[in-house]
Structure formats: C-alpha cells, structure tokens
Enquirer: 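Encoded as structure tokens, here's the structure I'll be asking about.
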Amino acid sequence: MGIGSLTPFMVFILLYAVGILLPLEVTPHYYNYMSRIWSWTEILILLLAVYYIVKIKIFRWKQAVAALLLGGGCLVTLFRDPRTADVIVTGVCVMAAFYAACRLFEQAGVENHSLQAGLVGNIRYFVLGALISIPLAVLNVLYFSLSRPIVVGNVVASAVFAWKPAVAEEVVFHFFLLAYAYYLLCGKKETRFSKAYIYILMIIPREMLHYPDMFIRSPGKAVLMCALNCVFFGLPMAVLMKKKNLQMAVGMHWFIDFVRFAAGF
C-alpha cells in the first residue's frame, strides 16, 4: 500500500494528538476531550465526503433522499442534548457521508448490498442485527454495572435516542470508511494486508474516539479498553458492515445502546 492509503491514519493521529494536548479551556464549547475530538473528526469526514461528492458529480435522487432521512433522524438528539451545533454537524455529516459512500462504492466497482433491500428487507436485516447483538448488549450492561447499579429508565425514550449513535457511527465510521478504503485500494490486488487495512480503518479510529480523556488520566487502561472494545464491539459491527449490510450493523449498534440507555447508563 502506498503513502496515500496511510494518509487517513496520519491525519487522524495528528488531529487526535492536537485534541489531547490542546487545553480544554481553549475550546469552552466542549465539555470534555472526547466531545471535542469526536466533533473535529466528524467535521474532517464531512469535508472529505463533500470533496468526493463534488469531485464525482453524479446525482442519484433515491440515495439523496435516504441520506436526508438518515441524517434528519439523528436530529432527534436535539431534544436532550444542549450542544445544538454539534448535533446538527453530526446530522449533516451523516447525510454527506452516506451519499458520498454510495458514490465511492460505484467508483471502486464494489457492489453495495446495503442499497438493494426494500422496506421489508430493511426491517428484517435491522431486526436480525439486533438479535445477533443480544449477548453483546448483556455484556455491555454487565460492564457498566460494575461501577454503579442498574436503574431501569424510560424504555421508549431509550429506544428513540439510541437511533442517533447507531446511525451516525455506522454511517460515518463504518459505511463511509469502508467505501473510502475500497476507493483507495481500487485497482490494487487484494491481499491479507489490504483486508487488514480495511478493518483497521473501520475499527481503530472509532474506538479511539471513546477514550481521549482516559488516555490523559491512564494511558495503559485506555489502551486496554480500546483493545477490548475493538474485539467485542468494533469488529463484529465492522464484519456485519463488510460482509452483510448497513442495516444489520445499525440494528446491532442500536440494540446495544438501547439496552444500555434503558438500564440507566
């Protein structure tokens, strides 16, 4: 793989390092390092997605509508998150990332299975992804219960608000980055290294975004937690995205977050 394939990692690591080293007081809008670096990463991906949308110049109205619905659905978080600007950035990033990913799949000559299911198929895949995730959802709640007791909350609200992280993270960090990896590797012979590259790009940046504050307090624990989450959560979702489709990955992610929210975490 050439230097071009490594550029996404180098840019992300640079952004991550700046986000950790820069005092939080410099950007008072963000309440912790995770929220700041996460938002910066979404803005970076948004700019990258817009670049490819403009560059490719192909319009598909059905995919544009799907992008609007997915991104618009993420705005439901506005009802409980006071950081309005960040929620809007996430919604717009989802729209651009989904649409750009569709174009990148086409340019790479890779069949996109996520766009071939009808309404019934979408629901079936989503439910199947949720069912597969039951053991992981239980494991996730058991982990959080080690630090504080389970308190069952509003189940309906938990189901609604779990939609945003499920869609946003799967579209932006898995669906788009999968398409982007295929695009970067287009025309190159598939090897074990290229397959590993795809999974690394899909898994490691997203998992690292959860732990910048822990990296500052306890680097060793942060590395351990990041590695465990890569194996137990990041990898299964990435495999579903690559081997199956977006709907199943979203279903898995949604159910894990829904159970966590409903348990009071």
Enquirer: Identify whether Val110 and Leu177 are in the same connected component of the hydrophobic contact network (ILVMFWY, side-chain heavy atoms under 4.5 Å).
Expert: yes

Enquirer: Quick one: list whatever passes side chain to side chain donor-acceptor pair (under 3.5 Å) with Tyr183, sequence neighbours left out.
Expert: Lys55

Enquirer: For residues Val167 and Trp254, determine if any side-chain heavy atom of one lies less than 4.5 Å from a side-chain heavy atom of the other.
Expert: no

Enquirer: Determine the minimum heavy-atom distance between Phe258 and Val155, stating which atoms define it.
Expert: CE1-O, 3.4 Å

Enquirer: In sequence, state the C-alpha distance, the side-chain angles, and the governing distance for Glu106 and Arg60, and then conclude on side chain to side chain contact (heavy atoms under 4.5 Å, CB included).
Expert: CA-CA 11 Å; Glu106 288 180 358; Arg60 301 277 191 268; 3.5 Å; yes

Enquirer: How does the hydrophobic cluster around Phe59 look, that is, which other residues are in it when side-chain heavy atoms under 4.5 Å mark a link?
Expert: Ile53, Trp61, Val65, Leu69, Tyr99

Enquirer: Do Leu184 and Pro8 come close enough that some side-chain heavy atom pair is under 4.5 Å?
Expert: yes

Enquirer: For the pair Trp38 and Phe173, name the ring-plane relationship: parallel under 30°, tilted 30 to 60°, perpendicular over 60°.
Expert: perpendicular

Enquirer: Side chains of Ile56 and Leu104: does their closest heavy-atom pair fall under 4.5 Å?
Expert: yes

Enquirer: Please answer whether the main-chain N or O of Ser35 pairs with a side-chain N or O of Ser39 as donor and acceptor at a distance below 3.5 Å.
Expert: no

Enquirer: Would you name the heavy atoms of Met202 and Arg206 that are closest together and state the gap between them?
Expert: O-CB, 4.3 Å

Enquirer: Which residue pairs pass the ring-ring contact (aromatic ring centres under 6.0 Å, His included) test when at least one of the two sits in residues 129-169, sequence neighbours left out?
Expert: Phe144-Phe265

Enquirer: If you measure from SG on Cys230 to CD1 on Ile204, what distance do you get to the nearest 0.5 Å?
Expert: 5.5 Å

Enquirer: Can you tell me how far CG of Leu44 sits from CG of Leu14, rounded to the nearest 0.5 angstrom?
Expert: 10.0 Å

Enquirer: Linking I/L/V/M/F/W/Y whenever any side-chain heavy atoms sit under 4.5 Å apart, do Ile13 and Ile43 land together?
Expert: no

Enquirer: Looking at every non-hydrogen atom in both residues, tell me the closest pair between Asp257 and Ala166 and how far apart they are.
Expert: OD2-N, 4.4 Å

Enquirer: Mind checking what makes side-chain contact (heavy atoms from CB on, under 4.5 Å) contact with Leu68, not counting sequence neighbours?
Expert: Met95

Enquirer: Are more than 12 heavy atoms, taken from residues, nucleotides or ligands other than Lys242, located less than 6.0 Å from that residue's NZ atom?
Expert: yes

Enquirer: Check the pair Val18, Trp40 against side chain to side chain contact (heavy atoms under 4.5 Å, CB included), reporting the backbone distance first and the verdict last.
Expert: CA-CA 11 Å; Val18 171; Trp40 286 359; 4.2 Å; yes

Enquirer: Tell me whether Leu78 is reachable from Val172 by hopping between hydrophobic residues (I, L, V, M, F, W, Y) whose side-chain heavy atoms are closer than 4.5 Å.
Expert: no

Enquirer: If every non-hydrogen atom of Ala179 is compared with every non-hydrogen atom of Ala101, which pair is closest and at what distance?
Expert: CB-O, 3.5 Å

Enquirer: Quick check for you: to the nearest 0.5 Å, what is the distance between Asn245 atom CG and Met248 atom CE?
Expert: 6.5 Å

Enquirer: Show me, pair by pair, the donor-acceptor contacts under 3.5 angstrom made by side chains of residues 85-92, not counting sequence neighbours?
Expert:
unit_1	atom_1	unit_2	atom_2	d
Asp86	OD1	His29	NE2	3.2
Asp86	OD2	His29	NE2	3.0
Asp86	OD2	Arg83	NH1	2.8
Thr90	OG1	Glu42	OE1	2.7
Thr90	OG1	Glu42	OE2	3.3
Thr90	OG1	Asp86	O	3.1

Enquirer: Is the shortest side-chain heavy-atom distance between Leu75 and Lys164 below 4.5 Å?
Expert: no

Enquirer: Does a side-chain heavy-atom distance below 4.5 Å link Ile198 with Leu185?
Expert: yes

Enquirer: Rounded to the nearest 0.5 Å, what separates atom OH in Tyr211 from atom CD1 in Ile216?
Expert: 15.0 Å

Enquirer: Evaluate the ring pair (Phe, Tyr, Trp, His ring centres under 6.0 Å) criterion for residues Phe176 and Phe98: first the C-alpha distance (whole Å), next the side-chain angles of each, then the deciding distance (0.1 Å), finally the verdict.
Expert: CA-CA 6 Å; Phe176 174 76; Phe98 177 83; over 10 Å; no

Enquirer: List the steps and the verdict of side chain to side chain contact (heavy atoms under 4.5 Å, CB included) for Gln247 and Ser114.
Expert: CA-CA 7 Å; Gln247 296 89 324; Ser114 300; 3.8 Å; yes

Enquirer: Looking at Met214, Met208, Glu207, which one forms a side-chain contact (heavy atoms from CB on, under 4.5 Å) with His210?
Expert: Glu207

Enquirer: Go through the side-chain N and O atoms of Arg103 and Gln63 and say whether any donor and acceptor fall under 3.5 Å apart.
Expert: yes

Enquirer: For residues Ala96 and Leu46, report the shortest heavy-atom separation together with the two atoms involved.
Expert: CB-CD1, 3.6 Å

Enquirer: Can you find a heavy atom in the side chain of Tyr180 that is under 4.5 Å from one in the side chain of Ile45?
Expert: no

Enquirer: Leu209 versus Met34: any side-chain heavy-atom pair under 4.5 Å?
Expert: no

Enquirer: Membership question, hydrophobic clusters at under 4.5 Å side-chain separation (ILVMFWY): are Val50 and Val94 in the same one?
Expert: no

Enquirer: For residues Leu178 and Phe9: do they belong to one hydrophobic cluster (side chain heavy atoms under 4.5 Å, members Ile, Leu, Val, Met, Phe, Trp, Tyr)?
Expert: yes

Enquirer: Identify every side-chain donor-acceptor pair in residues 125-142 under 3.5 Å, counting partners at least two apart or on other chains, and give the distances.
Expert:
unit_1	atom_1	unit_2	atom_2	d
Ser133	OG	Ala130	O	2.7

Enquirer: Regarding Arg80 and the six-membered ring of Phe261, is the cationic atom NZ or CZ under 6.0 Å from the ring centre and inside 45° of its axis?
Expert: yes

Enquirer: For Thr27 and Tyr30, indicate whether the former's side chain and the latter's backbone hold a donor-acceptor pair under 3.5 Å.
Expert: no

Enquirer: Can the ring centroids of Tyr197 and Phe193 be said to lie less than 6.0 angstrom from one another?
Expert: no

Enquirer: How are the rings of Tyr16 and Phe12 set relative to one another: parallel (under 30°), tilted (30 to 60°) or perpendicular (over 60°)?
Expert: tilted

Enquirer: Measure across His174 and Met241 and return the closest heavy-atom pair with its distance rounded to 0.1 Å.
Expert: CB-CE, 3.6 Å

Enquirer: Rounded to the nearest 0.5 Å, how far apart are CG of Leu240 and CD of Glu170?
Expert: 8.5 Å

Enquirer: Check whether any side-chain heavy atom of Met237 sits under 4.5 Å from a side-chain heavy atom of Glu169, and report yes or no.
Expert: no

Enquirer: Looking at CG of Leu15 and CE of Met10, how far apart are the two atoms once the value is rounded to the nearest 0.5 Å?
Expert: 14.0 Å

